[in-house]
Amino acid sequence: MFRYQQLAQELQQQIEQGQYACGDRLPGVRELAKRRTLSVSTVVASYRQLEADGYLQANSRSGYVVKARYQPPPLSSTVIAPSVVPSIVSSQQMALTLSKAAADPAFMALGAAVPALTFLPQHALHKALQQVMKTDPTRLMRYEASRGAPELRLQIARRMALHGAVVSPEQVIITNGCQEALMLSLKAVTQPGDVVVIESPAFYGLLQALEAAGLQALALPTDAQTGIAPDVLQQALEQWPVKACVLIANYSNPLGSLMPASHKQRIAAMLGERGIALIEDDTYGDLGFAATRPASCLALAAQQDIFYCSTFSKTLSPDLRLGWVIAPKHTAKLEYLKFISNISSAALPQLAVARLLKNGQYERHLRQVRPQYQAAISRISSSIGRLFPAGTRVSQPQGGFVLWVELPAGVDGYLLAQQALAEKISIAPGTIFSPTPARQKPLFSNFIRLNCAVPPDARLERALQTLGLLCHRQLNAASKPG
Ligand SMILES: Cc1ncc(COP(=O)(O)O)c(C=O)c1O
């Protein structure tokens with residue numbers, strides 16, 4: 001991060017914490033440069049960035065003044081109730097387009113939930129990879145064990161215990177990301193055609209896993225703050241022959257909801273009584289904005305039949321393709337399924353990540369990045385308030401780095417995503433977060449999801465301006481007669 005970005009971030013935090021109120025004047029450029037022993041141009045660059053982000057206004061007489069900021073209204077608390085009928089999942093082609101756009105630097109990548117380089121511990125990771133190549137080169141010339149490298153499994157088990165889930169390293173199975181952890185878990189407890197409860201809106205990678213396994217999705221209405229309600233789940237379990245239930249209890253994707261511990265316990269018990277497996281996706285559990293990490297379902301209900309799945313994709317790098325699954329009642333089956341799927345995961349990333357966990361760099365990085373994600377969410381949601389049409393509503397995530405945006409009726413999220421791609425901006429249209437049954441109107445057609453883990457620069461501001469303009473255009477076109 002450049003010094004001007006650091007200073008801008010500090011000032012932004014001060015504004016967000018109320019140390020400067022709307023209308024307050026920030027210190028003069030020269031004065032601040034002197035106080036902080038920075039160059040005048042560094043301070044000017046910070047102020048300009050804050051101006052571009054909508055925090056400041058340049059005023060010819062009084063210098064830079066804090067601007068009134070408008071946060072868009074939150075989503076209504078229960079997000080659209082889908083008609084609760086199981087359906088086969090298909091049409092995940094748009095998700096592939098987003099994934100390609102995320103890897104193409106020509107695109108402003110607001111679509112796939114992939115952190116930009118500035119949010120990842122690039123230097124520490126490269127160093128750890130190099131150290132492994134230097135100290136353990138022969139280890140990289142054979143198949144790693146199907147369960148994964150013992151060094152990493154040990155570190156993961158230790159860390160899980162710190163957060164209340166006491167598991168042994170023997171129970172940890174290393175996978176190619178959380179996506180594979182979810183796939184193996186589904187394979188372990190379902191047959192094609194079975195019904196699986198999921199959240200609505202649901203993370204689209206999960207829909208892909210269900211499509212690949214030929215499973216039916218029963219998408220239950222999910223509260224924007226607290227996730228699936230135990231009573232809603234109970235009703236569904238009484239009506240349908242459910243085989244598994246997949247939940248993102250900590251900071252769901254796309255809503256950012258956080259399920260209260262009491263709901264986690266009730267849901268785990270309810271599923272346990274009926275012999276239904278709970279597959280818990282804890283991808284974002286380490287990325288909360290509060291001081292303490294929320295407990296996982298596994299930590300709260302260890303005696304139940306739980307598959308705990310997680311990943312280093314959002315905290316270290318998605319390209320490590322490194323995740324894990326723990327299901328104490330199914331360890332041997334998971335190991336076998338991993339073996340017949342792709343033998344094992346590569347040793348190099350595993351050993352490097354084991355080092356980062358052991359030497360504390362993983363924790364250090366989390367401490368740094370969590371406030372950065374919180375600031376990014378707050379910044380982008382207020383830009384949406386400023387730039388998008390009235391009536392736009394935005395989620396209030398308690399962790400993670402995505403925003404779920406409800407556009408006013410009359411704006412089509414899928415059309416917006418296509419128009420945005422033509423402007424070299426990728427966004428995720430709401431419809432891909434739902435397994436829409438055939439012959440039904442797609443759900444979430446006026447929603448989009450935005451990845452906020454992007455640098456707060458002029459390019460982002462331009463992209464958000466363009467998206468706002470495209471929404472206004474759609475509304476104007478809809479209101480024209482004929
Ligand atoms: C909730 C959730 N689960 C799983 C994944 C997949 O993670 P991985 O890259 O580790 O396969 C993602 C990635 O976007 C995600 O958001």
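Order of appearance sets the numbers: ligands from 1, and atoms from 1 within every ligand.
Considering backbone and side-chain atoms alike, Asp281 places an N or O below 3.5 Å from some N or O of ligand 1. Of the polar atoms of Asn176, none of the N or O atoms is found under 3.5 Å from an N or O of ligand 1, judged by distance alone. Ligand 1 has no N or O atom lying under 3.5 Å from any N or O atom of Ile248, backbone or side chain.
Between Tyr336 and Phe339, the angle of the ring planes lies from 30° to 60°, which puts this pair in the tilted group.
For the pair Asp282 and Arg293, the salt-bridge criterion is met [side-chain N within less than 4.0 Å of a carboxylate O]. Using a cut-off of 4.0 Å between Lys/Arg side-chain N and Asp/Glu carboxylate O, Arg266 and Asp231 are scored as salt-bridged. A salt bridge links Glu144 with Arg139: at least one charged nitrogen is closer than 4.0 Å to a carboxylate oxygen.
In this structure, a donor-acceptor pair under 3.5 Å is absent between the side chains of Arg147 and Ser345. At a cut-off of 3.5 Å, with distance as the only test, a side-chain donor of Asn342 or Glu180 sits close to an acceptor on the other residue.
Of all atoms in ligand 1, listed by their number and element, those nearer than 4.0 Å to a heavy atom of Gln179 are 6 (C), 8 (P), 11 (O). Residue-ligand proximity, Thr311 to ligand 1, at heavy-atom distances under 4.0 Å covers atoms 8 (P), 10 (O). Within ligand 1, counting atoms from 1 as listed, the ones closer than 4.0 Å to a heavy atom of Asn253 are 1 (C), 15 (C), 16 (O).
Only the side chain of Tyr284 comes within 4.0 Å of ligand 1, counting heavy atoms alone; its backbone N, CA, C and O stay farther away. Counting heavy atoms under 4.0 Å from ligand 1, residue Glu180 does not touch it at all. By the criterion of a heavy-atom distance under 4.0 Å, the side chain of Ser313, and not its backbone, is placed next to ligand 1.
Distance check: Ser257 OG to Gln225 CD gives 8.0 Å after rounding to the nearest 0.5 Å.
The only member of Lys314, Arg159, Arg367 that meets salt bridge (charged side-chain N to carboxylate O under 4.0 Å, His left out) when paired with Asp286 is Arg159.
For atom 7 (O) of ligand 1, the nearest protein heavy atom (residue, atom name, distance) is Cys178 CB, 3.7 Å. Ranking protein heavy atoms by distance to atom 14 (O) of ligand 1, first place goes to Lys314 NZ, 2.6 Å. Looking from atom 5 (C) of ligand 1 to the surrounding protein, the closest heavy atom is Phe203 CZ, 3.3 Å.
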